[in-house]
Undergrad: 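Let me begin by handing over the structure; questions about it come next.
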6 protein chains.
Amino acid sequence: MSEDYERGLAQFRQMVGAERIDALIERFGAVCPDFEKEVVSFVGGRIWTRGGIDLKTRSLCSICVLAALGRTQALRLNFDMALNNGASVEEIFEALFQVAAYAGFPAMWDALLMLEEVLDSRGSQGT
Amino acid sequence: MSEDYERGLAQFRQMVGAERIDALIERFGAVCPDFEKEVVSFVGGRIWTRGGIDLKTRSLCSICVLAALGRTQALRLNFDMALNNGASVEEIFEALFQVAAYAGFPAMWDALLMLEEVLDSRGSQGT
Amino acid sequence: MSEDYERGLAQFRQMVGAERIDALIERFGAVCPDFEKEVVSFVGGRIWTRGGIDLKTRSLCSICVLAALGRTQALRLNFDMALNNGASVEEIFEALFQVAAYAGFPAMWDALLMLEEVLDSRGSQGT
Amino acid sequence: MSEDYERGLAQFRQMVGAERIDALIERFGAVCPDFEKEVVSFVGGRIWTRGGIDLKTRSLCSICVLAALGRTQALRLNFDMALNNGASVEEIFEALFQVAAYAGFPAMWDALLMLEEVLDSRGSQGT
Amino acid sequence: MSEDYERGLAQFRQMVGAERIDALIERFGAVCPDFEKEVVSFVGGRIWTRGGIDLKTRSLCSICVLAALGRTQALRLNFDMALNNGASVEEIFEALFQVAAYAGFPAMWDALLMLEEVLDSRGSQGT
Amino acid sequence: MSEDYERGLAQFRQMVGAERIDALIERFGAVCPDFEKEVVSFVGGRIWTRGGIDLKTRSLCSICVLAALGRTQALRLNFDMALNNGASVEEIFEALFQVAAYAGFPAMWDALLMLEEVLDSRGSQGT
């Protein structure tokens, strides 16, 4: 296990919760183990750990990229991570208004429905 | 002149500089006056003035959308606005690293070259 | 309630049907009230009411943007609005053939399945 | 020379002008002859000749796809073709306002600058 | 039935299986018969039959385009065709790692889930 | 200097030529040193060195992603790398025909003009 992987795993555990990230890692591992390895090492270990901006800002930036491109799975995870990183629902709305202006209203609409799902799922889990 | 337009104009003047925004408005007006009107009223007056997140965060979010989609003109302007809104070059880099991870390295590469142009242009103007 | 909002609401009521738009507005309002407000005011009140091209042409143009970008929710709504604005299914096909040539066949394929859903839903409602 | 190619060539000659399309065909032919053949046969001969909507509407639809996706070369050509197909500059603006609402203002901005180039070029050629 | 259509039908039958392509053609035909005709004639008859690179490479290239753009239906079909054209699951992973690097990890994630569905469906059919 | 970086540097030197990659690295380093480091380590050292498909196939896949998304700088570099990795111009054309079918003809058009530039530049350098 590389140093990047270890740092990425710790970072994702903090942002997603240990139980949930382990389930996700197991799921990725069942589909394509190398994908799991690179996501944790590179995205987790080399990007999310960089510092320079706080994790909340990094989350809002990520949401903007993902909503603009319409990437389903990662958008759902990043809404959850944003909330765990201290972003309020209202702050996520503000990030998405920049998406509406710069990538069009329909991108914000699709994203809002996904956010609603995430909030419902968190509500029903008492988190 | 609608209230939204007035607020948008004041907002853009603050973020872009009065001289530069007036030149841009004149240019838009020469091509398509209604576009100028809606950009100032809606994007400036209704979106950028919303509050809830600070202008620096809003700028970083905007840059992420624009770099992901490869929108040339607005990306250039938003780099300038981000710097005026208090983002350091290093903070812009961090926003762009989320673009690299979530929209691919080539999107960050194209954006960095544009950022370099903006920095060169500001440098040569002594700003 | 601003003038733009009132004009937008009347415009959407005409294009989507009063019952359906009220349900949509209520739904948006439950997720993010400001999104509802801006969609109705800006997209409805300032864009769809512009004139200069007829509503059918405006609908076909919208479908082309949304199919090219793969925006799910707005594409579904715009197929419905296009039919209400007087576009025949055959005219929608023709707009989508431009999508096939200029954004690739897969964009038209995804859009056709969505159109089929809309037509089925209208058929079962006797509209 | 297939039937599709002949129909496509006639169609493009009508929409672009014989001299200009011949220059374009020669240019494509120098880069990749099969590309030229398929563009003329398929895009020209099988799509643009379909009927069912008029050529002006087909042009506005095409512009919307191309502006949403930011395709440079084809957008320039399609602005020219739209004008030759009877679209006024104002009608092109209206199509682009749907792009602003549904793909974001920056997509309309980039497209307007390209349109301006096309108009300048036509103006200086006395067309 | 044009020569292109016949060649396309034979090509798709070879790559997708006669039973499955006939079901797909019937389905397309029910939604939009001309779409079916053009997909088979152009995509099947004029593009997939070109030669110059082997079908496995052509499949990997197609997967890369579709995963980058997030085109759902065509991506599912092309995963199936890639496997029928001799690509191993591991080779498909490698193509998708280029998507991760150049279009971002989230595009590979969405694609992997679709690939998993295709593999499950093939597994349960004993193919 | 990490192991990934060293492997990435060696890989890019082989594919791009030592002189050219050093110039590129110096250029990246002047704009954003961390970007240079991650591109070489991750894209070069962890992705391009994976094996499982040959470098020519990997190049054609990359070109397809980049042409579909319209990423300028990386597309230019990848055309050069594809030629160095043993792809003929004809094989690149075939990859791009999949782009035409699946991302639309305009994406292939923009890509062909870039390829032409790369070929001209190589021709004039006697490579």
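Throughout, protein chains are lettered first and strands after them, A, B, ... in sequence-line order, and every chain is numbered starting at 1.
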Undergrad: Let me know if D/Ala74 has heavy atoms under 4.5 Å from chain C in its side chain, its backbone, both or neither.
TA: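 Neither part, no heavy atoms under 4.5 Å.
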Undergrad: Rounded to the nearest 0.5 Å, what's the gap from CZ on D/Arg122 to CG on D/Asn84? Could you check?
TA: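 Going from CZ on D/Arg122 over to CG on D/Asn84, the span is 4.5 Å.
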Undergrad: Could you give the distance from CG (C/Leu9) to CD (C/Glu36), rounded to the nearest 0.5 Å?
TA: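 One gets 8.0 Å once the value is rounded to the nearest 0.5 Å.
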Undergrad: Determine the minimum heavy-atom distance between C/Ile92 and C/Ala87, stating which atoms define it.
TA: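 It is CG1-CB, 4.2 Å.
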Undergrad: Using heavy-atom distances under 4.5 Å, tell me whether C/Phe93 contacts chain D through its side chain, its backbone, both, or neither.
TA: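 C/Phe93 has no heavy atom closer than 4.5 Å to chain D.
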Undergrad: With a 4.5 angstrom heavy-atom cut-off, could you sort out which part of C/Ala95 is near chain D: side chain, backbone, both or neither?
TA: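 Answer is both: backbone and side chain atoms of C/Ala95 are under 4.5 Å from chain D.
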Undergrad: Of all of D/Ala103, D/Ala107, D/Ser88, D/Ser62, which one pairs up most often with chain C through heavy atoms under 4.5 Å apart?
TA: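 Looking at each option in turn, the highest pair count goes to D/Ser62.
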Undergrad: Kindly indicate whether the side chain of D/Val89, heavy atoms from C-beta on, has any atom under 4.5 Å from the side chain of D/Leu83.
TA: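 The answer is yes; the side chains approach within 4.5 Å.
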Undergrad: C/Val65, C/Asn78, C/Leu60: which one forms the most heavy-atom pairs within less than 4.5 Å of chain D?
TA: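 The answer is C/Val65.
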Undergrad: Quick one: does NZ or CZ of C/Arg50 land under 6.0 Å from the six-membered ring centre of D/Phe97, within 45 degrees of the ring axis?
TA: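 Yes, cation above the ring, under 6.0 Å and within 45°.
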Undergrad: Sort C/Glu94 into side chain, backbone, both or neither according to what part of it lies under 4.5 angstrom from a heavy atom of chain D.
TA: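 For C/Glu94, heavy atoms of backbone and side chain both lie under 4.5 Å from chain D.
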Undergrad: Do you know which of C/Ala68, C/Gly51, C/Cys64 has the most heavy-atom pairs with chain D at a distance under 4.5 angstrom?
TA: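 Result: the option with the highest number of such pairs is C/Cys64.
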Undergrad: Between C/Ser121 (side chain) and C/Glu117 (backbone), is there a donor-acceptor pair under 3.5 Å?
TA: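 Between the backbone of C/Glu117 and the side chain of C/Ser121 there is no qualifying donor-acceptor contact (under 3.5 Å).
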Undergrad: Which one wins on heavy-atom pair count under 4.5 Å against chain D: C/Leu69, C/Thr57, C/Val39?
TA: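 Between C/Leu69, C/Thr57, C/Val39, the count favours C/Leu69.
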Undergrad: Has the side chain of D/Asp4 got a donor or acceptor atom that lies under 3.5 Å from a matching backbone atom of D/Phe42?
TA: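 Absent.
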Undergrad: Is C/Leu66 in contact with chain D via its backbone, its side chain, both, or neither, using a 4.5 Å heavy-atom distance?
TA: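 Side chain only.
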Undergrad: For D/Glu91, is it the side chain, the backbone, both, or neither that has a heavy atom closer than 4.5 Å to a heavy atom of chain C?
TA: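 Contact with chain C is through both the backbone and side chain of D/Glu91.
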